[in-house]
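As structure tokens, the structure follows; a few thoughts come after it.
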Amino acid sequence: MGSAAAMLAEARRWLGTSGRPNALTRAYSARNGSGFLEAPWCDIAVTEWARRSGNADAVLPAGDRAYTVWHAQDFQKINRWYSGTTANVDRAKPGDIVFFDWGSSNSIGAIDHVGVVEKVLGGGRLQTIEGNTGDACKRRVRSASAIAGYGRPAYSPYRWSGKAPEPTLRRGDIGDRVRDLQNALMKVGESLPKFGDDGDYGVETENGVKSFQRKHDISETSGVYGSKTAAALKKALTSPDEEDEDVRYYGQLNNGPAALTPISLHPGDVSNIGFWGDNGILQLPPAKLRVAVHDAKGWYSELLEVDSSKSKPWIKFRDAKTTDGISIRREDDGTVPIAWDAS
């Protein structure tokens, strides 16, 4: 099963790819004809990333696409299209397929380019990964003025079981087993502040594993999640001192002024969300968050203060059975690291 995390992990693998033909256009041409070998390849890249990450059904509702207008129309036909207004852009999620019009309209027929949302920055801005931008695969920051809209793939919902994954995992691996490892590491106190549970075993996850190995005196290849590390992580997760045994989701908020963190939930899985931070240790003021929750009745929000010297603040969902998403906006300078859990 694919996921947004796997889609993004695959896209990151291709950062730095340049020129044409390249491996992506060759693979696409092998299925669709040699005319695509040196064609504009932004949507070819999205197609190949989807196929290689197990997300073809979700990202490609009508099959392979090299023409961005048709791809956007595919999402529109299945009612998974959102126009590029500032409000909609701020509700985008990592893994959404974002389409651009350099003429600054929200018209599907005028679309010029496409990429994948990596991060929602707030203020109508997105961080993306795009193929064929300057004939290369690069990260970009785009604003609502250039965004025609985005399609939301029907990715398989990810839910952490609360358990450590089976070994072995190492740098370069992607997918939900990596997300299981990342969530387990964060649960036992390791910090993954930049990428969290993105499903990509990169430098940050490797460093998290190394840190855990050092703390538990594990004699195993440094940074590799092997059998000894797995056994120690499983033991740490089942410690009798562990709290909140029913927690199903964990993560860390994006840092920075007005930074947004979108969270997808499976309706009915959890009934509340709580936050904690390190402002006391860092000698910083309490963090302030605007937490918006979505359910069948629409959006509602609360303003929270997270202070390590006080009790952990919680929001109890008004309708847990239909709650499917949360958007958290930093209302401070975004300096204090904040973690969250939902149970």
Side-chain angles (χ1 to χ4, degrees), residues 1-9 53-55 57-58 79-80 91-96 117 120 152-166 174-190 192 195-200 233-234 236-239 242-254 260-276 289-302 304 306 311-329 338-343:
M1 283 290 190
S3 64
M7 181 71 179
L8 283 168
S53 63
N55 284 299
D57 289 344
N79 296 316
R80 301 190 73 86
R91 296 188 188 106
K93 297 180 180 180
D96 285 346
V117 176
V120 180
R152 175 153 297 160
Y155 293 116
S156 300
Y158 167 79
R159 287 178 286 169
W160 182 44
S161 66
K163 299 178 181 179
E166 294 300 315
I174 62 173
D176 285 348
R177 284 180 64 226
V178 175
R179 293 187 77 180
D180 290 344
L181 171 60
Q182 291 165 332
N183 277 298
L185 287 170
M186 289 189 288
K187 178 62 176 173
V188 299
E190 299 299 335
L192 305 177
F195 296 114
D197 65 332
D198 68 346
D200 186 353
L233 186 56
K234 289 176 183 177
L237 286 169
T238 55
S239 166
E242 194 64 52
E243 298 179 353
D244 299 329
E245 294 179 358
D246 60 340
V247 171
R248 299 294 299 275
Y249 299 82
Y250 308 86
Q252 291 177 282
L253 301 188
N254 294 323
L260 285 172
T261 303
I263 300 171
S264 295
L265 300 174
H266 190 274
D269 262 8
V270 293
S271 59
N272 50 56
I273 186 168
F275 303 88
W276 71 98
L289 313 175
R290 172 65 66 179
V291 183
V293 183
H294 184 265
D295 59 22
K297 299 176 183 177
W299 289 93
Y300 61 98
S301 68
E302 291 187 31
L304 298 183
V306 183
S311 298
K312 178 179 173 181
W314 289 87
I315 291 179
K316 184 174 178 62
F317 302 150
R318 67 184 180 188
D319 184 3
K321 291 182 178 179
T322 66
T323 296
D324 59 3
I326 301 172
S327 180
I328 304 157
R329 178 186 173 94
I338 300 292
W340 61 270
D341 62 56
S343 59

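In what follows, every heavy atom counts, from backbone to side chain, and hydrogens, waters and symmetry copies are set aside. Nothing fancy with the numbering, it's 1 onward along the sequence. Nothing here was measured: the structure is a model prediction, and the numbers come from that model.
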Inset, instruction - Measure the shortest side-chain to side-chain distance between Val293 and Ser301 over non-hydrogen atoms and say whether it is less than 4.5 angstrom. - result: no

Legend entry - Flag side-chain contact, heavy atom, 4.5 Å: Trp340 against Ile263: yes

### Message
Less than 4.5 Å apart, side chain to side chain, heavy atoms only: is that true for Lys312 and Asp341?
### Response
yes

When every non-hydrogen atom of Ala6 is compared with those of Ser53, the smallest separation belongs to O-CB, 3.5 Å

Keeping the roles fixed (side chain from Arg152, backbone from Arg80), state whether a donor-acceptor pair exists under 3.5 Å.
no

Minimal heavy-atom distance between Met7 and Tyr155, with the atoms involved, is CG-OH, 3.5 Å

Separation between CG (Leu181) and CE (Met186), nearest 0.5 Å, reads 9.5 Å

Run Glu302 and Lys316 through salt bridge (charged side-chain N to carboxylate O under 4.0 Å, His left out) and show every step you take. CA-CA 11 Å; Glu302 291 187 31; Lys316 184 174 178 62; over 6 Å; no

d(Leu253 CG, Thr261 OG1) to nearest 0.5 Å is 4.5 Å

CG (Asp96) and CG (Leu8) are apart, to the nearest 0.5 Å, by 9.5 Å

Value for CD1 (Ile338) from CG (Leu289), rounded to nearest 0.5 Å, stands at 6.0 Å

Taking every heavy atom of Val270 against every heavy atom of Ser343, the minimum-distance pair comes out as CB-O, 3.2 Å

Problem set entry | Heavy-atom donor-acceptor pair, Gln182 side chain to Asp200 backbone, under 3.5 Å | yes

Rounded to the nearest 0.5 angstrom, the CD1-CH2 distance for Ile273 and Trp314 is 8.5 Å

With side chains defined as the heavy atoms from C-beta onward, is the minimum distance between Phe275 and Leu304 less than 4.5 Å? yes

For Lys321 and Pro267, the nearest pair of non-hydrogen atoms, with its separation, is O-CB, 3.2 Å

Can you check whether Asn254 reaches Val120 side chain to side chain, under 4.5 Å on heavy atoms?
-> no

When rounded to the nearest 0.5 Å, the distance separating NZ of Lys187 from CG of Leu233 is 12.0 Å

Nearest heavy-atom approach of Ala164 to Ala184 is CA-CB, 4.4 Å

- [ ] Could you tell me whether the side chains of Asn55 and Ser3 share a donor-acceptor contact shorter than 3.5 Å?
- [x] no

**OP:** Indicate yes or no: at least one non-hydrogen side-chain atom of Tyr300 is less than 4.5 angstrom from one of Asp295.
**Re:** yes

* Asked: Hey, are the side chains of His294 and Asp324 touching, using non-hydrogen atoms and a 4.5 Å cut-off?
  -> yes

Residues Leu260 and Pro262: closest non-hydrogen pair is O-CD, 3.9 Å

Residues at least two apart in sequence or cross-chain that pass side chain to side chain donor-acceptor pair (under 3.5 Å) with Arg177, listed by chain then number, are none

Heavy atoms, side chains only, cut-off 4.5 Å: are Asp197 and Leu192 in contact?
no

